[in-house]
Number of protein chains: 2
Amino acid sequence: MHKQEVTIYDVAREAKVSMATVSRVVNGNNNVRKETRDRVLEVIKRLHYQPNAVAQGLASKRTTTVGLIVPDLTNLYFAELSKGIDDIALLYKYNIIITSIENRLMKEDQVIQSLLNKQVDGVIYMSNRLPNEAAEAFKRTNTPVVLAGTKDNRDEFASVTIDYKKADTEALNLLMHDGKKNLALVVGDEDAVVNGENRIPAYKDFIKENNLGEPHVYTGVKDYSDGYNLYPQLVKDGIDGVIVTRDISSVGILNSAMDAGRKIPEDLEIVTASATQLASVVRPALTTIKQPLYDMGAVAMRMLTKLMNNEEVDETHIELPYELVKKQSTLNQ
Amino acid sequence: MHKQEVTIYDVAREAKVSMATVSRVVNGNNNVRKETRDRVLEVIKRLHYQPNAVAQGLASKRTTTVGLIVPDLTNLYFAELSKGIDDIALLYKYNIIITSIENRLMKEDQVIQSLLNKQVDGVIYMSNRLPNEAAEAFKRTNTPVVLAGTKDNRDEFASVTIDYKKADTEALNLLMHDGKKNLALVVGDEDAVVNGENRIPAYKDFIKENNLGEPHVYTGVKDYSDGYNLYPQLVKDGIDGVIVTRDISSVGILNSAMDAGRKIPEDLEIVTASATQLASVVRPALTTIKQPLYDMGAVAMRMLTKLMNNEEVDETHIELPYELVKKQSTLNQ
DNA sequence: AGGAAAGCTGTAAACGCTTGCACTTAGAGC
DNA sequence: GCTCTAAGTGCAAGCGTTTACAGCTTTCCT
């Protein structure tokens with residue numbers, strides 16, 4: 001980076017005003033006489049002046065930048081959330097610094113710290129569970145945080161989710177009413193608050209209340225091959241209906257069953273819990289708990305803008321409506 | 001953002017040295033006596049000092065931030081490229097500001113200008129075609145740019161791609177040797193340099209050289225439903241082998257054919273040109289021109305680090321090897 | 001021992017902007 | 001005509017770093 005070609009000072013000199021006035025024009029402060037404003041704007045245009053956001057950030061202590069913390073960019077669940085976030089961020093003129101934190105060289109809270117050092121005005125957090133060090137760092141720097149599509153067990157951070165317990169219960173009901181007797185739950189990370197404190201308890205309660213025998217919770221099923229390889233175990237355990245939290249694992253199970261010559265949904269009903277593109281393009285198409293991912297991202301970002309402006313926020317734990325969409329991987333369409 | 005709790009000045013006072021020395025310690029400059037360094041480090045730890053990256057950026061004129069310009073976050077092609085970029089960026093301690101530019105409120109070059117105002121040290125560009133205004137802005141600010149998975153018709157910007165002409169020709173050969181007579185090419189954006197100046201000419205040359213009749217190039221096929229709706233037209237035109245640039249469109253064509261009761265690959269052979277996750281999870285699995293997306297991203301980012309350091313770069317137009325992977329959507333596996 | 005070189009540290013001027021405060025001017029109200 | 005208010009503008013002190021430059025110590029040769 002070489003010396004900046006044209007600064008606010010050049011504009012000021014050329015327009016025969018002070019830097020302060022140029023700054024006011026640039027920032028839309030209306031305490032400037034129209035003629036002065038026009039003159040300044042003309043010079044800005046003529047000189048191709050562009051404000052240096054780094055200097056603005058240092059002087060104003062606002063960077064108009066938010067941090068996005070995401071486990072994995074190539075997971076469509078997060079990609080669709082991010083899209084909602086991104087659109088609203090653009091609307092409010094925030095830039096996004098994105099950092100993914102899975103399988104990394106650096107520890108999660110180091111990555112987060114580096115984000116805070118960049119003086120982001122706020123953070124949207126989408127990973128499973130907020131580590132203590134990170135929570136401390138957020139509080140210490142007083143940075144607003146919104147969790148999108150995830151929860152935290154302390155109730156300190158705002159969040160945007162769906163009602164996971166209700167959604168899963170509804171899906172389990174669907175399977176049960178289809179006559180399935182041996183229902184299972186397949187999750188990625190059991191340490192995730194959404195799973196450990198919402199989905200799994202909801203599932204266990206359902207099994208107990210309906211006298212459906214022993215619960216079967218399969219954990220650590222994170223990608224396509226995990227799902228693919230799990231299928232024989234499901235057969236062995238006599239599972240005939242399953243809720244899978246990750247789309248890609250659902251597809252793994254689906255393909256494994258198909259490759260083994262089984263019939264979906266007759267032999268096994270599958271409900272997937274995310275509803276990314278993936279769920280609808282495979283055949284048979286997957287019945288899904290359709291989470292409004294784009295909207296969740298958008299709402300989270302909108303809430304963050306309020307928090308960053310110290311505006312009143314009436315509800316910091318927002319649950320958006322989901323929809324149970326029946327496709328070909330369950331009966332009774 | 002409130003006043004920063006602890007600054008380099010506090011550390012200096014506490015450690016009884018000057019700011020300059022603290023700065024040297026922080027930046028790993030080894031012109032500091034060991035005892036002094038240890039004392040400073042101790043204070044840094046004790047006070048929880050973290051350097052303010054914005055102030056560093058202003059003073060040093062380097063932000064250790066790079067801009068990523070991507071059409072669409074939810075397109076796995078870009079997500080996988082981004083992952084490679086992200087990993088290398090982390091390795092070299094760069095943060096990433098990501099901006100997507102499709103269907104937006106703001107014009108592309110405005111978005112890019114806002115990125116430049118943030119004083120990014122470099123940019124990785126992944127969209128179809130670099131607009132003139134943007135190219136001018138990059139040159140004016142002297143910001144290094146690397147194109148990843150895309151090309152530019154002026155030869156001014158570094159790029160990392162595969163040899164699209166060769167890849168497509170090879171794929172067309174495969175289809176021809178399977179006995180297909182009426183080959184088509186389906187692309188998203190015909191204005192994209194990769195399509196307009198590489199894939200389409202390669203296709204047309206092949207058709208002409210092999211006397212395969214009239215060329216059939218279908219353009220503007222961008223998403224799932226575009227592909228789905230195109231299929232009847234392919235039937236009408238008697239197409240029996242097709243290369244599709246976007247995975248999601250390939251899947252649309254595939255499902256459309258299956259839903260119509262046709263057989264793939266017997267009735268239609270499909271080669272898809274990206275090789276994201278999508279191509280391998282659908283059934284029949286798609287034969288693909290497997291682009292090394294992760295590596296392309298990684299190589300692009302690595303090259304950018306060199307450009308940002310004014311290091312010697314021997315080759316600025318890198319073509320990585322691809323692989324033609326035969327799956328179930330073509331014969332002769 | 002004497003001088004040069006190398007190592008270590010501090011001073012202070014940037015970097016490009018925002019913003020509180022004070023000042024000027026012009027009009028309004030009387 | 002005089003005071004008062006408000007709008008418009010400039011001054012200058014930050015914001016938290018980096019980095020020449022200079023100066024002081026050591027160390028190393030011969």
Side-chain angles (χ1 to χ4, degrees), chain A residues 1-41 43-44 47-65 114 116-121 141, chain B residues 1-41 43-44 47-65 114 116-121 141:
Chain A
M1 196 157 118
H2 64 317
K3 194 170 166 110
Q4 182 161 332
E5 64 283 6
V6 30
T7 71
I8 200 172
Y9 194 78
D10 300 317
V11 177
R13 184 166 17 78
E14 193 78 8
K16 303 198 196 312
V17 294
S18 70
M19 295 159 54
T21 298
V22 179
S23 174
R24 289 188 190 100
V25 171
V26 168
N27 294 297
N29 179 324
N30 48 13
N31 268 355
V32 181
R33 194 156 43 111
K34 180 152 188 337
E35 305 151 44
T36 315
R37 175 186 306 281
D38 289 346
R39 184 152 37 93
V40 171
L41 285 174
V43 174
I44 285 176
L47 300 189
H48 278 292
Y49 168 71
Q50 292 290 144
N52 179 324
V54 172
Q56 290 180 312
L58 184 60
S60 69
K61 306 190 133 305
R62 309 189 76 239
T63 54
T64 59
T65 302
S114 104
L116 291 173
N117 293 350
K118 289 269 156 103
Q119 313 299 118
V120 293
D121 295 337
T141 57
Chain B
M1 196 157 117
H2 63 318
K3 193 172 166 109
Q4 181 160 332
E5 65 284 5
V6 29
T7 72
I8 201 172
Y9 194 77
D10 300 316
V11 176
R13 185 165 16 78
E14 193 78 7
K16 304 197 193 315
V17 295
S18 70
M19 294 159 55
T21 299
V22 178
S23 175
R24 288 188 191 101
V25 171
V26 168
N27 292 299
N29 180 322
N30 47 16
N31 269 355
V32 180
R33 192 156 45 108
K34 181 157 187 333
E35 305 152 43
T36 314
R37 175 186 306 279
D38 290 346
R39 184 152 38 93
V40 171
L41 286 174
V43 174
I44 285 176
L47 300 189
H48 278 292
Y49 169 70
Q50 293 289 144
N52 179 325
V54 173
Q56 289 181 315
L58 183 60
S60 69
K61 303 188 137 306
R62 310 189 74 238
T63 55
T64 58
T65 302
S114 105
L116 291 173
N117 292 352
K118 287 271 156 98
Q119 312 298 122
V120 294
D121 296 337
T141 58

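Below, read A as the first sequence line, B as the second, and so on, with proteins coming before strands; counting in each chain starts at 1. Because the structure is predicted, anything quoted here is derived from the model rather than measured.
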*side chain to side chain contact (heavy atoms under 4.5 Å, CB included) between Val25(A) and Thr36(A): does it pass, once the steps are laid out?*
CA-CA 9 Å; Val25(A) 171; Thr36(A) 315; 5.9 Å; no
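- In this entry the distance linking CG of Asn52(B) with C1' of dT18(D) reads 13 Å, nearest Å.
- Applying the salt bridge (charged side-chain N to carboxylate O under 4.0 Å, His left out) rule to pairs touching residues 11-24 of chain A yields Asp10(A)-Arg13(A), Glu14(A)-Arg46(A), sequence neighbours excluded.
- Using a 4.0 Å cut-off, no side-chain N or O of Ser23(A) falls inside it from OP1 or OP2 of dC17(C).
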Interface polar pairs with nucleotides 22-27 of chain C, N/O, under 3.5 angstrom:
none

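- Distance, Asn29(B) CG to dG10(C) C1': 14 Å, rounded to whole Å.
- Contacts of Ala59(B) classified as side chain to side chain contact (heavy atoms under 4.5 Å, CB included), with partners at least two apart in sequence or in another chain: none.
- Between Arg62(B) atom CZ and dT17(D) atom P the separation is 18 Å, expressed in whole Å.
- OP1 or OP2 of dT18(C) has at least one side-chain nitrogen or oxygen of Asn27(A) nearer than 4.0 Å.
- Legend: residues meeting side-chain hydrogen bond (donor to acceptor under 3.5 Å, both in side chains) with Asp38(A), ordered by chain and number and at least two apart, are Lys34(A).
- Rounded to a whole Å, the CD1 atom of Ile8(B) is 17 Å from the P atom of dA12(C).
- Summarising the geometry, atom CD belonging to Gln56(B) is positioned 11.0 Å from atom CG belonging to Leu58(A); distances are rounded to the nearest 0.5 Å.
- In this model, the phosphate group of dA12(C) is not approached by any side-chain N or O of Tyr9(B) to a distance below 4.0 Å at OP1 or OP2.
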*Could you go step by step and tell me if Gln119(B) and Thr141(B) meet the side chain to side chain contact (heavy atoms under 4.5 Å, CB included) rule?*
CA-CA 9 Å; Gln119(B) 312 298 122; Thr141(B) 58; over 6 Å; no
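- Residues passing the side chain to side chain contact (heavy atoms under 4.5 Å, CB included) test with Ser23(B) are Ile8(B), Asn27(B), sequence neighbours excluded.
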_Stepwise side chain to side chain contact (heavy atoms under 4.5 Å, CB included) check, Val17(B) with Arg39(B)_ = CA-CA 10 Å; Val17(B) 295; Arg39(B) 184 152 38 93; 3.9 Å; yes
*Go through Val40(B) and Ile44(B) one step at a time and tell me if the side chain to side chain contact (heavy atoms under 4.5 Å, CB included) criterion holds.*
CA-CA 6 Å; Val40(B) 171; Ile44(B) 285 176; 3.8 Å; yes
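- Rounded to an integer number of Å, the gap from Leu58(A) CG to dA14(C) C1' is 13 Å.
- Residues forming a side-chain hydrogen bond (donor to acceptor under 3.5 Å, both in side chains) with Thr64(A) (at least two apart in sequence, or on another chain): Lys118(B).
- Scanning both residues, Ala15(B) and Val43(B), for their nearest heavy atoms gives CB-CG2, 3.7 Å.
- Between its two ends, the helix from dA1(C)-dT30(D) to dC30(C)-dG1(D) turns its axis by 30°, counting five pairs per end and rounding to 10 degrees.
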Using a cut-off of under 3.5 Å, enumerate the N/O to N/O pairs linking the protein to nucleotides 8-12 of chain D.
unit_1, atom_1, unit_2, atom_2, d
dT9(D), OP1, Arg33(A), NE, 3.2
dT9(D), OP1, Arg33(A), NH2, 3.0
dT9(D), OP1, Thr36(A), OG1, 2.4
dT9(D), OP2, Arg33(A), N, 2.7
dT9(D), OP2, Thr36(A), OG1, 3.2
dG10(D), OP2, Ser18(A), N, 2.8
dG10(D), OP2, Ser18(A), OG, 3.1
dG10(D), OP2, Thr21(A), OG1, 2.7
dG10(D), O6, Arg24(A), NH2, 2.6

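- In this structure, of dT19(D), dG16(D), dG16(C), it is dG16(C) that holds the atom nearest to the side chain of Lys61(B).
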